[in-house]
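Structure record follows, encoded as structure tokens.
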Protein chains: 2
Amino acid sequence: MTATPTTSDAADAPDADWLRLDRQICFSLHAASRAFNGVYRVILKDLGLTYPQYLVMLVLWEQGDLPVKRLGEELRLDSGTLSPLVKRLEGAGLVRRERSAEDERSVRVHLTGEGVALRERALEVPRRIMTATGFALDEIVELRARLDQLTTALDAAARAEARGGR
Amino acid sequence: MTATPTTSDAADAPDADWLRLDRQICFSLHAASRAFNGVYRVILKDLGLTYPQYLVMLVLWEQGDLPVKRLGEELRLDSGTLSPLVKRLEGAGLVRRERSAEDERSVRVHLTGEGVALRERALEVPRRIMTATGFALDEIVELRARLDQLTTALDAAARAEARGGR
DNA sequence: AGCCATTTAGTTGTGCACAACTAAATTGTG
DNA sequence: CACAATTTAGTTGTGCACAACTAAATGGCT
């Protein structure tokens with residue numbers, strides 16, 4: 001925004017400006033994510049769930065019992081995150097973990113009666129979140145589309161960077 | 001999106017639909033945040049920095065030496081996160097921590113020569129990130145504005161929820 | 001059958017986020 | 001001045017994210 005002596009072309013601004021801009025972009029996303037997390041934290045406290053635990057329960061409510069592998073695919077999380085998380089859900093009595101009979105490697109996560117029952121109390125959560133955002137439904141949907149687009153591009157780029165480097 | 005027997009008013013869809021929508025919204029933001037983090041992780045590995053450490057360095061490069069308190073305000077982080085993070089930066093030789101003489105409570109974070117020097121190598125980071133997003137500059141700026149708007153609303157709502165509850 | 005690569009969970013270690021708390025210095029007030 | 005409230009860092013404990021690794025089961029191949 002400020003006048004820059006080095007160059008006047010917006011697409012090729014001085015590095016220092018890019019660095020300042022970068023601070024604003026990456027910080028914005030980071031902050032938004034944590035702010036969202038904070039709202040969910042407050043609202044979900046009633047249910048005794050954390051935000052990632054809520055995500056797991058949403059998938060189970062929607063799709064029924066699943067092996068840990070499938071849960072990880074749905075949520076883009078690996079076993080290092082899911083294993084202890086699911087154990088905590090089991091400790092809370094919301095799910096059971098059962099080794100599959102056909103494939104002994106696989107562990108299927110089942111909702112307990114208590115886990116199914118919790119869904120009733122969760123039904124009010126989305127509306128409270130919507131209200132908290134102050135956004136209209138179509139704005140949310142559009143933002144979501146853009147974020148998904150971003151995620152797809154970033155995932156591809158991360159893989160490319162990891163491979164080719166530089 | 002599917003036909004719903006219970007009601008036909010979009011603004012008052014059945015709770016189950018809202019729950020499914022919620023899963024999509026909160027997951028999108030969560031995933032985008034982690035995807036962004038992943039790209040930064042790969043790119044910053046060369047510099048020996050994590051994403052939050054990079055944020056701290058950006059603030060210091062931009063604003064010069066600051067007390068921990070001010071850093072926390074800039075980044076929306078508390079001492080529980082910043083104290084160990086800054087110590088790791090100190091361990092890496094990038095900053096020094098010094099108790100203020102005027103106010104013994106305050107600890108000022110100073111860039112070392114090495115910390116200042118690292119800025120040169122960081123100058124290429126923003127362009128690589130921009131490329132990774134696949135977004136044009138104006139798209140990024142617009143997304144950023146929307147995210148900031150979201151953060152502001154969410155922070156206010158979290159405070160309101162924490163107080164008034166329900 | 002015997003062997004090897006793959007798949008699936010889990011474990012370990014590091015770092016971040018945040019709540020709840022402590023300790024020390026400072027400020028305000030009677 | 002004395003004392004209570006506030007400010008500033010730091011510590012502790014819990015949970016998430018992810019890399020790197022292990023262990024066990026499976027499937028394919030010769």
Side-chain angles (χ1 to χ4, degrees), chain A residues 26-27 29-42 44-45 48-56 66-73 75-92 97-109 155 158-159 162, chain B residues 26-27 29-42 44-45 48-56 66-73 75-92 97-109 155 158-159 162:
Chain A
C26 65
F27 172 73
L29 190 72
H30 202 56
S33 175
R34 284 183 295 139
F36 231 119
N37 208 312
V39 173
Y40 272 107
R41 189 195 328 279
V42 172
L44 292 175
K45 196 162 58 180
L49 292 176
T50 66
Y51 182 41
Q53 287 168 11
Y54 174 65
L55 290 175
V56 168
L66 289 177
V68 173
K69 178 73 191 308
R70 292 277 301 112
L71 265 181
E73 287 168 0
L75 297 172
R76 197 183 172 283
L77 291 172
D78 67 1
S79 64
T81 300
L82 280 177
S83 285
L85 191 158
V86 170
K87 273 188 187 169
R88 279 187 286 272
L89 288 178
E90 189 175 39
R97 292 181 310 135
E98 282 178 9
R99 286 263 162 212
S100 163
E102 315 90 68
D103 188 342
E104 289 274 337
R105 293 169 303 182
S106 179
V107 169
R108 186 165 274 266
V109 182
D155 276 350
R159 278 192 297 278
Chain B
C26 65
F27 172 73
L29 190 71
H30 202 56
S33 174
R34 284 183 296 139
F36 231 119
N37 207 312
V39 172
Y40 272 106
R41 189 195 329 279
V42 172
L44 292 175
K45 196 162 58 179
L49 292 176
T50 66
Y51 182 41
Q53 287 168 9
Y54 173 65
L55 290 175
V56 168
L66 290 177
V68 173
K69 179 73 192 308
R70 291 276 301 113
L71 265 180
E73 287 167 0
L75 298 173
R76 198 184 172 284
L77 291 171
D78 68 359
S79 63
T81 300
L82 279 177
S83 285
L85 191 158
V86 170
K87 273 188 187 170
R88 279 186 286 273
L89 288 178
E90 189 175 39
R97 292 181 309 133
E98 280 179 10
R99 286 262 162 214
S100 162
E102 314 90 70
D103 188 341
E104 290 275 337
R105 293 170 304 183
S106 178
V107 169
R108 185 165 274 264
V109 182
D155 276 350
R159 278 191 297 276

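Below, chains carry the letters A, B, ... as their sequence lines are ordered, and counting in each starts from 1.
For the pair B/Asp103 CG and C/dT26 P, the interatomic distance rounds to 5 Å; values are reported in whole Å. Between the P atom of D/dA17 and the CG atom of A/Leu71 lies a distance of 13 Å, rounded to the nearest Å. Following rounding to the nearest Å, B/Leu77 (CG) and C/dA19 (C1') show an atom-to-atom distance of 14 Å. Rounded to whole Å, atom P of C/dA17 lies 13 Å from atom NE2 of B/His30. Remark: C1' of D/dT7 and CD of B/Glu102 are 15 Å apart, rounded to the nearest angstrom. Between the CG atom of A/Leu55 and the C1' atom of D/dA17 there is a distance of 13 Å, given to the nearest Å. Counting to the nearest Å, the P atom of D/dA17 and the CG atom of A/Leu82 are 8 Å from each other. Between the C1' atom of C/dA9 and the CZ atom of A/Arg97 lies a distance of 9 Å, rounded to the nearest Å.
Toward the 5' end of DNA chain D, the nearer of the two residues B/Arg34 and B/Lys69, judged by each one's closest nucleotide, is B/Lys69. Taking for each of A/Val68 and A/Arg41 the nucleotide of DNA chain C with the nearest heavy atom, the 5'-most of the two is the partner of A/Val68. Of the residues near DNA chain D, B/Pro84 and B/Glu73, the one whose nearest nucleotide (by heavy atom distance) lies more toward the 5' end is B/Glu73.
Using a 4.0 Å heavy-atom criterion, one finds that A/Thr50 contacts the sugar-phosphate atoms exclusively. Heavy atoms of A/Asn37 sit nowhere under 4.0 angstrom from any nucleic acid atom. Contact annotation for B/Arg108: no contact, since no heavy-atom pair falls under 4.0 Å across all strands.
B/Leu55 contributes atom CG, which lies 12.5 Å from atom CZ of B/Arg76 (distance to the nearest 0.5 angstrom).
Considering only side-chain atoms of A/Thr81, the nucleotide from D/dA9, D/dC18, C/dG15 that sits closest is D/dC18. Each of C/dT11, C/dT7, D/dG10 was ranked by its minimum atom distance to the side chain of B/Lys87; first place goes to D/dG10. For A/Arg105, the listed nucleotide lying nearest its side chain is D/dA24; candidates were D/dG15, D/dA9, D/dA24. The side chain of A/Ser106 has C/dT8 as its nearest neighbour among D/dA9, D/dT7, C/dT8.
An OP1 or OP2 oxygen of C/dG10 is reached within less than 4.0 angstrom by a side-chain nitrogen or oxygen of A/Ser83.
Residues B/Leu85 and B/Val56 come closest through the heavy atom pair CD2-CG2, 3.7 Å. Counting all heavy atoms, side chain and backbone alike, A/Tyr51 lies closest to A/Leu44 at CA-CD1, 3.8 Å. Here the closest non-hydrogen pair linking B/Arg34 and A/Leu75 is NH2-O, 3.1 Å.
Side-chain contact of A/Ser33 with B/Ser33: a donor-acceptor pair under 3.5 Å is present, judged by distance alone.
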